[in-house]
Protein chains: 4
Amino acid sequence: MFQVRTDLAMEARELYHEEKQIEIPGVAVDQDFFKDVTITRVEVLEKEAEAIMGKPIGKYITIESSALRRSDADLRDEISQLLAKELRALVGPEKNLKALVVGLGNWNVTPDALGPKAVSKVFVTRHLFQFYNKDQDDDLAEISAVSPGVMGLTGIETTEIIKGIVERTKPHVVVAIDALASRKMERVNTTIQLSNAGISPGSGIGNKRKALNQENLGVPVIAIGVPTVVDAATLTNDTIKMVIEAFARQTSKGSQFYNMLMDLKDEEKYALIREVLEPYNANVMVTPKEVDEVISTLSQIIANGINIALHPGIDLKDVNRYIQ
Amino acid sequence: MFQVRTDLAMEARELYHEEKQIEIPGVAVDQDFFKDVTITRVEVLEKEAEAIMGKPIGKYITIESSALRRSDADLRDEISQLLAKELRALVGPEKNLKALVVGLGNWNVTPDALGPKAVSKVFVTRHLFQFYNKDQDDDLAEISAVSPGVMGLTGIETTEIIKGIVERTKPHVVVAIDALASRKMERVNTTIQLSNAGISPGSGIGNKRKALNQENLGVPVIAIGVPTVVDAATLTNDTIKMVIEAFARQTSKGSQFYNMLMDLKDEEKYALIREVLEPYNANVMVTPKEVDEVISTLSQIIANGINIALHPGIDLKDVNRYIQ
Amino acid sequence: MFQVRTDLAMEARELYHEEKQIEIPGVAVDQDFFKDVTITRVEVLEKEAEAIMGKPIGKYITIESSALRRSDADLRDEISQLLAKELRALVGPEKNLKALVVGLGNWNVTPDALGPKAVSKVFVTRHLFQFYNKDQDDDLAEISAVSPGVMGLTGIETTEIIKGIVERTKPHVVVAIDALASRKMERVNTTIQLSNAGISPGSGIGNKRKALNQENLGVPVIAIGVPTVVDAATLTNDTIKMVIEAFARQTSKGSQFYNMLMDLKDEEKYALIREVLEPYNANVMVTPKEVDEVISTLSQIIANGINIALHPGIDLKDVNRYIQ
Amino acid sequence: MFQVRTDLAMEARELYHEEKQIEIPGVAVDQDFFKDVTITRVEVLEKEAEAIMGKPIGKYITIESSALRRSDADLRDEISQLLAKELRALVGPEKNLKALVVGLGNWNVTPDALGPKAVSKVFVTRHLFQFYNKDQDDDLAEISAVSPGVMGLTGIETTEIIKGIVERTKPHVVVAIDALASRKMERVNTTIQLSNAGISPGSGIGNKRKALNQENLGVPVIAIGVPTVVDAATLTNDTIKMVIEAFARQTSKGSQFYNMLMDLKDEEKYALIREVLEPYNANVMVTPKEVDEVISTLSQIIANGINIALHPGIDLKDVNRYIQ
């Protein structure tokens with residue numbers, strides 16, 4: 001059956017909710033509303049919920065703000081700080097934190113370059129700790145960072161590369177940044193998701209098979225992602241839904257044709273989507289034209305959030321002024 | 001009414017042909033078929049045809065090869081030579097040719113960077129003619145080249161900038177390279193269009209209002225374009241058409257609902273498209289994921305074709321070995 | 001004779017001053033000192049001075065701060081504002097200003113990309129004035145911008161291209177940004193020079209022959225430049241001088257050898273430089289390793305200064321927050 | 001004492017040879033001469049030689065061709081094949097070879113980007129072997145590749161990262177590509193060095209402390225390097241030597257001053273170099289202006305050589321046509 005492709009837990013939950021009009025059993029949801037920003041916290045608590053959602057047990061926090069598309073630096077700063085707060089909560093009260101920040105995705109495909117771009121702006125300190133032979137500092141955490149590149153370029157599962165580095169450098173936590181796919185264009189480049197459930201296979205635009213998570217790496221993995229594209233299949237699916245609704249509006253409830261519309265099976269919808277996209281040979285994406293610019297803004301917001309969250313002595317003023 | 005967005009004359013003609021099942025009066029069409037390549041020559045001969053096609057009077061040649069997506073260097077060379085042959089025919093038998101090559105589009109938006117990228121690979125010689133005080137050479141034409149950038153970055157109509165340069169450097173002909181939009185994804189990155197009708201307003205992905213043509217520049221303008229994206233509106237429109245056809249197949253001809261489907265007005269279709277794309281705020285495109293790589297291959301093919309066509313003493317071997 | 005290569009008027013004056021221990025007749029010099037910044041104003045007043053300095057009559061203002069190498073955002077902001085103040089003074093009290101900002105140099109040679117990079121960050125408005133059919137605005141000046149590329153890539157003298165654009169768009173003033181060469185590494189990336197004398201031939205790293213100045217363009221030209229490299233010849237020359245001084249220190253004044261050292265002709269020094277650099281075939285430069293990063297910082301400082309100076313309604317807060 | 005900085009074994013040997021006029025004991029040298037190319041094979045056989053040369057025991061092969069600076073594709077192909085031949089000899093007759101190709105250096109510093117650029121053009125296959133569950137193939141070797149980035153960006157010793165990957169992927173051999181420093185500008189971008197002794201600490205332009213060699217990684221390490229810069233210290237040192245020789249020529253042998261020149265201690269020379277470079281704060285390099293372009297040509301030559309050498313079924317025609 002056609003599976004709407006989404007990496008956002010809130011969307012997976014939304015899809016279920018729209019259909020069944022009820023909450024997924026074993027899932028807790030709450031929301032905070034600020035002036036321009038909405039924070040949604042979805043927690044997957046039970047195995048059943050995991051199956052329904054297609055998301056592993058864990059916490060999923062999304063920070064949404066349509067205003068992110070406007071180049072409003074005040075708002076960007078606010079988002080960085082909200083991100084820092086949520087990230088710190090997920091990392092927990094570790095003193096003398098050692099963290100490895102990982103940029104997933106492909107430098108050479110603009111909408112997939114979010115991770116590597118963000119990592120390049122993270123304030124890396126591990127080599128300084130080694131050089132001065134320190135193992136703690138009041139202002140700085142011991143941060144290392146790497147952007148291994150996608151499997152198509154390295155020939156190696158990203159998880160394998162990271163596991164090798166984790167084994168040798170022994171961080172307390174891995175923070176992995178990735179570009180995601182959304183089912184709704186209005187969420188593209190306006191939504192940041194944090195999760196302590198790692199990154200599940202097939203997510204992102206690139207091809208990262210094996211999950212980056214505590215089970216595979218042996219340390220907690222916190223994922224930070226932003227949807228930067230929509231699958232063409234999603235756009236097509238939306239269109240089909242709307243055409244059907246349009247017809248439904250034009251036909252008298254209960255009429256034979258109305259029923260035919262209502263009875264339209266997912267299989268049939270999926271067949272239509274395949275038919276439409278076949279000439280596109282599937283390997284296409286729907287993306288805003290200004291994607292290059294947007295990616296560099298988002299990578300800065302995320303890097304700022306990480307620098308503020310992980311380094312005890314660094315605040316917003318510092319990241320705007322001295323780091324970058 | 002919803003206008004399918006296409007910069008390809010062959011598609012404009014195709015659209016008419018599909019509907020009316022007849023050729024557009026005042027349009028001549030012929031085709032050559034090679035092993036992997038199809039060349040279609042559409043000539044708009046009369047004002048009426050101009051109006052119907054939405055393309056000015058002139059010749060439109062498209063070189064198509066789905067094989068272009070495979071990284072087959074032999075085929076790429078073949079295309080460069082076919083392009084050179086067609087381009088030379090449009091330029092005409094000028095001795096001591098002086099040409100200005102113009103790269104339209106925006107460096108910073110990957111699918112729109114085709115023109116500037118191709119221009120950067122054209123073998124420029126005008127300054128050498130000036131330096132050695134020559135005004136002719138057996139092997140080399142006098143070539144200059146410029147990529148002015150889009151109006152959003154310069155604040156100046158591209159045509160204004162080029163006109164200023166043409167007035168001062170007096171080329172015989174302007175060759176303008178641009179990224180185009182297609183109505184069919186299978187044509188994206190597989191089709192090269194040449195035309196002696198210049199480039200009409202609104203074409204390309206960027207925003208180039210005033211036409212680059214003989215009327216505005218005072219010298220012949222030959223346009224070379226490749227569709228590198230499809231409008232999301234086009235994808236949506238295709239979807240709607242297919243959904244309607246699917247229903248039509250499921251309902252008995254002549255039935256009240258069948259007629260309703262057939263009677264569906266373009267206005268209604270357009271309303272649906274607007275409805276679907278509204279959250280996408282229109283500013284989206286559908287593009288292959290490997291677009292960055294594809295653009296650099298295509299820009300090389302086009303630059304090779306131009307170098308072979310314009311410089312009498314340069315052939316395929318030279319462009320592959322010494323220029324680049 | 002070996003001419004130390006410098007594009008900085010203050011250095012040309014310094015060279016003379018070091019030798020003759022007197023000020024150049026017909027040159028006025030004054031300096032302001034701030035905490036981290038020194039501003040030197042050299043004015044070439046007479047033809048004689050022009051000949052001695054190798055700099056045309058006009059004002060040359062240099063803003064120097066070694067601290068520029070530290071990534072101190074407060075200082076960068078201070079420099080942007082000082083630059084804006086000096087630039088505004090050179091432009092004069094024009095109401096409804098129309099300006100064309102030109103980025104000289106070559107995108108593809110990092111230390112030469114300063115101009116194009118800065119231009120890409122200037123807030124361009126001319127097309128908006130055209131679109132809304134305004135010819136004045138309280139907050140915004142009418143700004144256009146272009147980076148034509150170097151002659152080696154275009155085949156056209158930069159001055160020719162700009163003259164064509166000036167004739168068609170009729171700005172009140174041209175502001176040209178370029179990368180310069182210094183005779184002292186300590187000035188590289190720490191010095192910004194403004195001048196109302198245009199940019200003289202051969203300056204910069206690239207090859208821009210014909211001067212961009214009022215005489216050639218018909219409107220005032222204000223040049224903004226930053227030395228981003230030192231000629232290898234300069235480094236060699238410094239070395240030779242120091243070796244000779246070292247020997248001189250070791251030999252008794254008046255001794256035959258001491259005199260020999262003192263008598264060493266410039267011709268002989270130049271012969272030595274040629275001998276040392278010959279294997280380097282001259283086409284080399286001395287540059288800081290972190291040049292890529294430095295260029296992007298400097299281009300932002302300059303763009304900010306220009307945006308603040310030219311747009312009446314834009315101040316530092318705006319450039320840091322909403323433009324970029 | 002001032003140590004001329006060179007990563008080329010042939011230069012280290014040359015330096016000794018120039019001084020003492022004899023071969024270094026425990027070093028074997030032979031040369032092959034082709035039309036445009038010279039191949040020099042230096043083998044360090046004994047511990048004493050290791051100390052004198054500052055190069056570990058092993059084979060060092062340099063392929064030199066001044067013609068490399070001309071964009072002659074035939075020569076580039078010839079070099080790729082010579083490189084492939086030498087590389088194959090060092091790798092040895094391994095059937096079903098598994099190799100990890102490592103790009104050392106910093107993406108963001110042009111002359112240091114040689115390694116990562118070359119790696120991006122290597123034909124990577126390991127993931128295909130895994131996917132199709134093969135462990136051998138007649139035409140293809142099992143190749144993986146990674147460009148970990150420099151310690152300043154990752155906070156981790158490059159050797160640590162590579163060791164982690166080697167332990168998990170178990171290649172037979174590591175091939176490491178790096179940008180080097182030469183003592184002679186004429187060798188910059190004209191010389192390729194292969195070695196089976198790994199890459200010794202401090203080599204290259206970046207900062208790679210711990211050696212990438214068999215001792216540290218547990219598998220043979222073959223290093224491929226190209227000098228892309230000269231230390232400013234080297235240029236200064238050359239200058240001083242030439243000034244002294246110039247004076248020597250001008251003074252009668254045996255005269256007191258002649259002896260003073262001859263007696264000039266290395267310490268004194270070094271003091272002079274420090275004095276000259278002090279304002280340059282050491283962090284400068286001497287590089288050809290066209291370095292960006294040169295790096296991309298060289299990275300292609302090296303990638304071609306590696307693809308031909310490691311993949312049994314790939315020859316020159318393939319790399320020029322289908323890979324890239």
Side-chain angles (χ1 to χ4, degrees), chain B residues 98-103 106-109 113 116-132 140-171 206-210 216-217 303 310-311, chain C residues 98-103 106-109 113 116-132 140-171 206-210 216-217 303 310-311:
Chain B
K98 295 179 176 25
L100 169 64
V101 183
V102 177
N106 184 346
W107 265 119
N108 308 321
V109 177
K117 276 226 169 64
V119 157
S120 72
K121 296 165 180 169
V122 167
F123 183 38
V124 167
T125 58
R126 183 176 175 278
H127 56 307
L128 306 174
F129 278 77
Q130 309 257 310
F131 185 77
Y132 295 110
L140 299 176
E142 185 177 319
I143 306 300
S144 53
V146 66
S147 295
V150 293
M151 194 168 72
L153 299 179
T154 62
I156 309 171
E157 286 255 19
T158 302
T159 305
E160 288 296 300
I161 295 175
I162 302 307
K163 181 146 182 64
I165 297 172
V166 166
E167 283 169 346
R168 305 196 62 82
T169 62
K170 307 249 176 295
N207 249 336
K208 299 135 227 143
R209 315 296 198 34
K210 206 173 162 196
N216 288 332
L217 295 186
L310 302 187
H311 293 298
Chain C
K98 294 180 176 23
L100 169 64
V101 183
V102 177
N106 184 346
W107 265 117
N108 308 320
V109 178
K117 276 224 167 65
V119 157
S120 71
K121 295 165 180 167
V122 167
F123 183 38
V124 167
T125 57
R126 183 176 174 277
H127 55 307
L128 306 174
F129 279 77
Q130 308 258 310
F131 185 78
Y132 296 110
L140 299 175
E142 185 177 318
I143 305 300
S144 53
V146 65
S147 295
V150 294
M151 195 170 72
L153 300 179
T154 62
I156 310 171
E157 286 256 18
T158 303
T159 305
E160 288 296 300
I161 296 175
I162 301 307
K163 181 147 182 64
I165 296 172
V166 166
E167 283 170 346
R168 304 196 64 81
T169 61
K170 307 250 178 292
N207 247 336
K208 300 135 223 144
R209 316 294 200 35
K210 205 173 162 197
N216 289 331
L217 296 187
L310 302 187
H311 294 297

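Computation of the quantities below employed the complete heavy-atom set of this structure, encompassing side-chain atoms and omitting hydrogens, waters and symmetry-equivalent molecules. Remember, it's a predicted structure, so these values are computed and weren't measured experimentally. Just so it is clear: chains get the letters A, B, ... in the order the sequence lines come, proteins before strands, and each one is counted from 1.
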Seminar exercise, completed: Ranked by heavy-atom pairs below 4.5 Å to chain C, first place among B/A145, B/S144, B/G155, B/G164 goes to B/G155

Exercise. Can you list the steps and then say if C/Q130 with B/E157 is a side-chain contact (heavy atoms from CB on, under 4.5 Å)?
Worked result: CA-CA 10 Å; C/Q130 308 258 310; B/E157 286 255 19; 5.7 Å; no

Problem set entry | Most contacts with chain C, counted as non-hydrogen pairs under 4.5 angstrom, among B/V146, B/V124, B/T154, B/L153 | B/T154

Exercise. Side chain, backbone, both or neither: which part of C/I156 has an atom under 4.5 Å from a heavy atom of chain B?
Worked result: both

Exercise. Measuring heavy-atom distances to chain C, does B/E167 have an atom under 4.5 Å in its side chain, in its backbone, in both, or in neither?
Worked result: side chain

Problem set entry | Separation of C/E160 CD from B/R168 CZ (nearest 0.5 Å) | 4.5 Å

Problem set entry | Spacing of CD1 belonging to B/I165 relative to CD1 belonging to C/I162, to within rounding of 0.5 Å | 8.5 Å

Problem set entry | Contacting region of B/T169 [heavy-atom separation from chain C under 4.5 Å] | side chain

